[in-house]
Amino acid sequence: MDLRNRFVMAPMTRSFSPGGVPGGDVVDYYRRRARHLGLIVTEGTYVGHPSAGSSDRVPRIYGEDALAGWKRVVDAVHAEGGRIFPQLWHLGLARQEGSAPHPEAPIVGPSGISPSGRPRGIAASAADIDAIIASFAQAAADAQRIGFDGVELHGAHGYLLDAFLWSRTNQRADGYGGSIAARARLGAEVARAVRDTVGPDFPVMFRYSQWKGADFDARIADSPADLETVLTPLADAGVNTFHVSTRRYWLPAFEDGARTLAGWTKALTGLPAVALGSVGVTSPFYEPDAEAPSLSLTRLLELFERGEFDLVGLGRSVLSDPEWTLKVRENRLDEIRAYDKVHEAHLL
Ligand SMILES: Cc1cc2nc3c(=O)[nH]c(=O)nc-3n(C[C@H](O)[C@H](O)[C@H](O)COP(=O)(O)O)c2cc1C
């Protein structure tokens, strides 16, 4: 797949899709960014499993009303020469009890426990696992049908697929937990079902992170060997790019200091990797007072030239300034509208 440049808009939830249907303002929001970015990953979209979501303002990727809304977004992005993947999302333990769009549905996680070890929801049964896998595959099929250029599977930040990857929330002993390889099984089965549905040529990207919403210091892999155990089954199942979500893209992933997490991902799998985390912003995600680099891109270039990644993810930078890449290319850095928490309130 050809992209206009190496910059990828990161998925960012907006909650501006009443009834789960993206409307004209959502079309405009993505159109403005499609002009300047290589690839857009949409805000997280709920797959069609009843326990996937937690709001009736977050878009669905099931139901003909929502899919028709997304088709308008896709067509607008393509008209600008952009490319777009939906992010396929199941909240798992992060769902709120009794919330829309299916208030009656239970909270479903790997083991019925929260990151802090308290009881939360139910442990997914074999039938739940089959239904979850099928919901991702159906979402990918629908995304392909309405013209999306690929899909991203949300396996990061503590949501369902990541809750299976993480030993703290996954205490199963049934082949979906118990070892690192077993914890990676659900993600791999989802990826395999998606790949079987969309065929060999449709890009499937997998987003993962060490950090969780509930714990920035959490880890699914303590060493490159652990990471290889997690990523290899995903790659074997048909994932062809990894979107490596960190909060500081430049930090070494492990104690040896050898490579960043994106760098290890690329080295271990041989697949393209997206590096992401505080590019073009002055503070890490959800830590406004922490020290971060200046807006300088020197370090990013150094790591790129060292072969650590292929693509660069941009979250807050392109939230606040849809022309961020244009202004960087034209060296109009002082014209960049800097990220400010206020923009999150408006998400224009
Ligand atoms: C408002 C907002 C909403 C977000 N929603 C999602 C989401 O739906 N899915 C996801 O994987 N990450 C989500 N994220 C995380 C971003 O994709 C990204 O990982 C994070 O902002 C760090 O990248 P940055 O430092 O470039 O902003 C969100 C971030 C923000 C600021």
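Just follow the structure's listing: the first ligand is 1, and inside any ligand the first atom is 1.
Ligand 1 has a nitrogen or oxygen under 3.5 angstrom from a nitrogen or oxygen of His154. Inclusion of Gly44 in the set of residues having an N or O under 3.5 Å from an N or O of ligand 1 is warranted. For ligand 1, the polar-atom distance check finds an N/O of Thr13 within less than 3.5 Å of one of the ligand's N/O atoms.
Of the candidates Ser245, Pro11, Ser317, Pro11 brings a heavy atom nearest to atom 14 (N) of ligand 1. Distances from atom 25 (O) of ligand 1 to the heavy atoms of Ser15, Gly213, Ser278 put Ser278 nearest. Closest heavy-atom approach to atom 12 (N) of ligand 1 among the candidates Glu152, Arg207, Gln87: Arg207.
The pair Arg337-Asp321 does not meet the salt-bridge criterion, since no charged nitrogen lies less than 4.0 angstrom from a carboxylate oxygen.
Using a 4.0 Å cut-off to heavy atoms of Arg316, the atoms of ligand 1 that qualify are 24 (P), 25 (O), 26 (O), 27 (O), 31 (C).
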As a quick check of understanding, evaluate side-chain contact (heavy atoms from CB on, under 4.5 Å) for Trp211 and His157, giving each step before the final call. CA-CA 6 Å; Trp211 69 271; His157 308 168; 3.2 Å; yes
Are Trp250 and Leu300 close enough, and set up right, to give a side-chain contact (heavy atoms from CB on, under 4.5 Å), and what steps lead you there? CA-CA 7 Å; Trp250 63 93; Leu300 190 71; over 6 Å; no
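Both the sub-6.0 Å distance and the 45° axial angle are not jointly satisfied by Arg207 relative to the ring of Phe242.
Taking the six-membered ring for Trp and the full ring otherwise, the centers of Tyr62 and Tyr46 sit at least 6.0 Å from each other.
Side-chain contact, Tyr30 with Glu80: no donor N or O sits under 3.5 Å from an acceptor N or O.
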